[in-house]
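Numbered from 1 within each chain, the chains take letters A, B, ... in sequence-line order.
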Amino acid sequence: MPELPEVETTLNGLKPYIEQQVIANVIVRHLNLRWPIPADLKKHIINQKIIGAERRGKYILLKTKVGTIIIHLGMSGSLRILTSGVPPKKHDHVDLEFSNNKVLRLTDPRRFGAFLWTSDDPLNHPLLKNLGPEPLNRVFTGKYLWERAQGRKVAIKSFIMDSKIVVGVGNIYATEALFNAGIHPALAAGKLSQTQYETLVHAIKAILRFAIKQGGTTLKDFLQSDGKPGYFKLHLKAYGRNGLPCLNCKKTLKEIKLGQRSSVYCPICQK
DNA sequence: ATGCGGACCTGTTAGC
DNA sequence: TGCTAACAGGTCCGCA
């Protein structure tokens, strides 16, 4: 479900309810997410105050003074704020109950997500240590991408979805950014010009900013933490539109597989 | 180092 | 209508 805009939207919705609040109880109903939820999680976090809630890539970091909860939503995860007492459903795996009577609930049908703990700097955690720059940061430039791409043969779409290159760009926004930039998704990353990379980086930043403003993309069941869907779906130009006419040139959009992910593009507009 | 395919897991949809 | 296969917003891992 979540790419960067959805994670950002989720986090912004949670913050007011959990920051400066104390974790009064922890309920783990299903231990086996992508990695097991640490058996000693409760011991670490009970009675700790959340002193900050941040995002790094698609990871959500809930900081306490003794360590950090690291949450990833995988393909199907979501976090909701509830009032204490709402009965759990089948895929509600974790509850953090706060002293303000609010509950932070992790739901994740496919269980590709993660709910981890580290006592160290979370940015040194193995999962975060090798992440590339934030796409909305000023260090993410056309020049940066172009330099990283030299000699690389992977498809440009797979390249921008590689979290070691840049974080937060998943299948939806990679597809959309390449469409908007007029770049064919299967081109070898090393073949693009620096100018093309400038265009692409601009497109990535623009699409992510706009999607965040729209509250993310709701394809099926993504909801913001207030329960509202995201409205970016209304603006998708390529993703999910295989076989439909290109909104620029009217030719039929095509689909190919790149890195086992479906990739829709316009054979006329994207060269 | 890079590139590729498989793996993790459940739910929904497309196709017969 | 019912069964089966394919597919889905992510990304780590092992192998060539």
Item to complete: Rounded off to whole Å, could you give me the CG-to-P distance for the A/Leu258 and B/dT2 pair?
Response: 19 Å
Worksheet entry | Atom-to-atom span, NZ of A/Lys90 to C1' of B/dT10 - whole angstrom | 8 Å
Fill in: Test log, rule side chain to side chain contact (heavy atoms under 4.5 Å, CB included), inputs A/Leu106 and A/Asp92
CA-CA 6 Å; A/Leu106 174 73; A/Asp92 294 342; over 6 Å; no
Worksheet item: Using atom P of each nucleotide, how far apart are B/dG5 and C/dC7 to the nearest Å?
Response: 15 Å
Worksheet item: Do the rings of A/Trp117 and A/His44 sit parallel, tilted or perpendicular, given the 30° and 60° boundaries?
Response: parallel
Fill in: A/Arg34-A/His72 side chain donor-acceptor pair, cut-off 3.5 Å
no
Item to complete: Look at all strands and tell whether A/Ser158 reaches a base, only sugar-phosphate, or nothing, counting heavy atoms closer than 4.0 Å.
Response: nothing
Worksheet item: When the nearest nucleotide of DNA chain B is assigned to A/Ala155 and to A/Arg111 on a heavy-atom basis, which residue is associated with the more 5' position?
Response: A/Ala155
Practice prompt. Can you check whether any acceptor in the base of B/dG6 is under 3.5 Å from a donor in the side chain of A/Gln260, or vice versa?
Written response: yes
Worksheet item: Is A/Arg56 salt-bridged to A/Glu134, going by a charged N under 4.0 Å from an acidic O?
Response: yes
Item to complete: Could you give the distance separating B/dA14 and C/dG9 at their P atoms, to the nearest angstrom?
Response: 15 Å
Discussion item. What is the separation between atom CD1 on A/Ile160 and atom C1' on C/dT11, rounded to the nearest whole Å?
Written reply: 16 Å
Worksheet item: Between A/Arg110 and A/Leu131, which has a closest nucleotide on DNA chain C that is more 5'?
Response: A/Arg110
Discussion item. Expressed as a whole number of angstroms, how long is the span from A/Leu236:CG to C/dG9:P?
Written reply: 11 Å
Worksheet item: Whole-Å distance between C/dC7 C1' and A/Asn171 CG?
Response: 12 Å
Discussion item. The side chain of A/His91 is closest to which nucleotide in this list: C/dC12, B/dG11, C/dT11?
Written reply: B/dG11
Worksheet item: With sugar-phosphate meaning primed atoms plus P, OP1 and OP2, does A/Arg34 contact a base, only sugar-phosphate, or nothing at under 4.0 Å between heavy atoms?
Response: base
Worksheet item: Atom NZ of A/Lys58 and atom C1' of C/dT11: how far apart are they, to the nearest Å?
Response: 8 Å
Discussion item. Could you check whether any side-chain N or O of A/Glu3 sits under 3.5 Å from a backbone N or O of A/Tyr173, counting only pairs where one atom can act as donor and the other as acceptor?
Written reply: yes
Item to complete: Determine if A/Phe112 stacks with B/dC9; use a centre-to-centre distance below 5.5 Å and an interplanar angle below 30° as the criteria.
Response: no
Discussion item. Under 4.0 Å, counting only non-hydrogen atoms across every strand here, what does A/Arg152 touch: a base, just sugar-phosphate, or nothing?
Written reply: sugar-phosphate
Fill in: Smallest separation among heavy atoms of A/Leu253 and A/Pro245, with atom names
CG-C, 4.3 Å
Discussion item. Categorize A/Lys257 for me: base, sugar-phosphate, or nothing, with a 4.0 angstrom heavy-atom threshold over every strand shown.
Written reply: sugar-phosphate
Item to complete: Provide, to the nearest angstrom, the distance between the CG atom belonging to A/Asp92 and the C1' atom belonging to B/dT10.
Response: 14 Å
Worksheet entry | Inter-nucleotide P distance (B/dC9, C/dC3), Å rounded | 25 Å
Worksheet item: Contact class for A/Tyr59 vs. all strands (heavy atom < 4.0 Å): base, sugar-phosphate, or nothing?
Response: sugar-phosphate
Discussion item. I want to check one thing: is the phosphate of C/dC7, taken as OP1 and OP2, less than 4.0 Å away from some side-chain N or O of A/Ser262?
Written reply: no
Worksheet item: Atom NZ of A/Lys129 to atom P of C/dT11: distance rounded to whole Å?
Response: 18 Å
Worksheet entry | Identified pairing partner of C/dC15, criterion: Watson-Crick or G-U wobble below 3.5 Å | B/dG3
